[in-house]
Amino acid sequence: EKLFHSRDHSDIQTLTSHQAQDITDTYTAELFLSRYGFMQPVDWEEVPFEDSPVDFNDDFLDLQAMIQEGTPTQSDAFISALKEFQKVSGLPLTGVFDEATKLAMNKPRCGVPDKDSNDTVTHSQVGNVDTDGRHQSETVRR
Amino acid sequence: RKRHLAALVSRSRRKRDLGSTGYMAFSKMVLSWRLIGEGYSSQLSVEEQRYIFRLAFRMWSEVSPLEFVEDTRSPLEDVDIRLGFGTGRHLGCNQRFDGTGQEFAHAWFLGDIHFDDDEHFTAPNTGSGISLLKVAVHEIGHVLGLPHIYRSGSIMQPSYLPQGSGFEMDWMDRKAIQNLYGVCKGGFNTVFDWIRKERTPYGEISIRFNTYFMRDGWYWLYENRNNRTRYGDPVTLQTGWRGIPADGVDAYVHVWSRKSDAVYFFKGTQFWRYDTENDKVFAQDPGGRRYPRLISEGFPGLSGPIDTAFYDRRDSHIYFFKNRLVYAFNVAANSLARGFPKNIRDVFPPVVSGDHPDGNVDAAYFSYTHNALFLLKGQRFWQVVGSRDRWRWPILPRNGLLPHKEVNQHWLDICNVHPTALKL
């Protein structure tokens, strides 16, 4: 079992090795933005299984390596992605990896990318629903 | 074992299919799910995990035409939605979990949900940790086809916000899922406003009411001010209405006058009087006759079964509907009013020619919210012309039926759940 002493398990000690890597700098921020589709949409549905020829984590590691080797990434792309993240998170659009952005990135979150290349219905397309559930042609801007 | 599991699951994975509609959703309305044996959490008991998932699926059922059933027996590839916990590399999945913090779960459209067991998942209403219920509802949303939604209060927000007390699906989340699967539809056996008398702190009697919809053996309380049903409904009839038939009723009547205050339920050829003080049916009437009693005995001139009924406080008559006929029963005289029964079209003429239920009405409902009488049949309803309507438009016939509207566009989100989800 995971060692605990409190009745409600609130003191569960977690091993450092099982701790998720915090987003602390632009390097890890860029990884974050790439992982969740802000750099470019992720083909999430092709990711799933060990035997799949598509390995999301391998692509991710390639990006890590590229960044680590100092290969220049497109800084404009990073700033643009950062602003997009700030926008959807309700943060000021500074384009800078500031404290508020870092805090938002380190919140617990769902692993599904925010930008999926397969998405055809997004939050901005919620419109009127007729009784058969068909999406009517008029879209509503938020 | 992981490769075998992955092979089983990958064979059944369905590709996204836009189809002809241009959006992506399950094509069937009853979906099975299972918490896979290899994927139990180490933090909660298996029963707790299954209970939370049953509740999570039910919450989506309560706002959409979808129903979910836990399937622990079928071959895994036949189960529509599979859930499991894992850490790091897990369950044959190519998307590693990152340890404690940040990612807590992920899901794929039309299939699998994985939870990171390095997170501190907790049961609902537990102070600390991450609410498994809230995460499960979110991930199920993905499986059903919803993307992340960046709106404060949405369950589909990508980031986790601590669960406040009473976490529920808000209006926009409902509309998002209904955008994919449509709205809930269906007829009702009866609809009524239940009158309650309460004593204020000052000792005064105040009259309050609640609206109830009944269908077969279930019922919903409808919150008119919120345009939705009570969270957690439907409930079985036996839970809230002791002594009436468990499989449903035909009609509800509240005879409310200066001399009388009596509630009746009707089913088949019988009726019961309801004891509002003790919240159950009376065992017998004041004359010592046991309930249920025959309609023909309690209401001379009438026989069951009936379609529906309502009490008209304007003339102190109960109007019974049976096929194409309407019976007006004079409560004071304890007999049918002269000239009745009459054809429903004569008593409730159509305002627009041809737009009429023509009999076999499901429910006659006087709404105190709208101060109007409604006749419901199937998915449609007709509002009866009232005195105010006639004052504004004298040409309207007395008790005329205004053009029909759809029930589900007036009373929203009255949704079934799977029978196995009635009691979690």
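These numbers come from a predicted model, not from an experiment. Chain letters run A, B, ... following the sequence lines, proteins first and then strands; every chain starts at 1.
Proximity to chain A is limited to the side chain of B:E139, based on heavy atoms less than 4.5 angstrom apart. Of the two parts of B:L146, neither the backbone nor the side chain holds a non-hydrogen atom closer than 4.5 Å to a non-hydrogen atom of chain A.
Under the 3.5 Å distance criterion, the side-chain polar atoms of B:Q102 are matched with a main-chain donor or acceptor of A:Q21.
The SG atom of A:C110 sits 3.5 Å away from atom NE2 of B:H138, with the distance rounded to the nearest 0.5 Å. Between the NE2 atom in B:H148 and the OH atom in A:Y36 there is a gap of 9.0 Å [rounded to 0.5 Å]. One distance of note links CZ of A:R109 with CG of B:L161; it measures 12.0 Å at 0.5 Å rounding. Atom CD1 in B:I149 sits 11.5 Å away from atom CG in A:D114 (nearest 0.5 Å).
The candidate from B:G129, B:P65, B:A105 with the greatest count of non-hydrogen atom pairs under 4.5 Å with chain A is B:A105.
Contact between A:P108 and B:I130 at its shortest, heavy atoms only, is CB-CD1, 4.2 Å. In plain terms, the two heavy atoms of B:S159 and A:A104 that are nearest each other are OG-O, 4.5 Å. The nearest pair of heavy atoms linking A:G111 to B:Q95 is O-NE2, 4.3 Å.
Judged as a side chain to side chain contact (heavy atoms under 4.5 Å, CB included), and not counting sequence neighbours, the contacts of A:A81 are A:L33, A:F38, A:M39.
Residue pairs satisfying the salt bridge (charged side-chain N to carboxylate O under 4.0 Å, His left out) criterion with at least one member in residues 80-91 of chain A, sequence neighbours excluded, are listed as follows: A:E84-A:K115.
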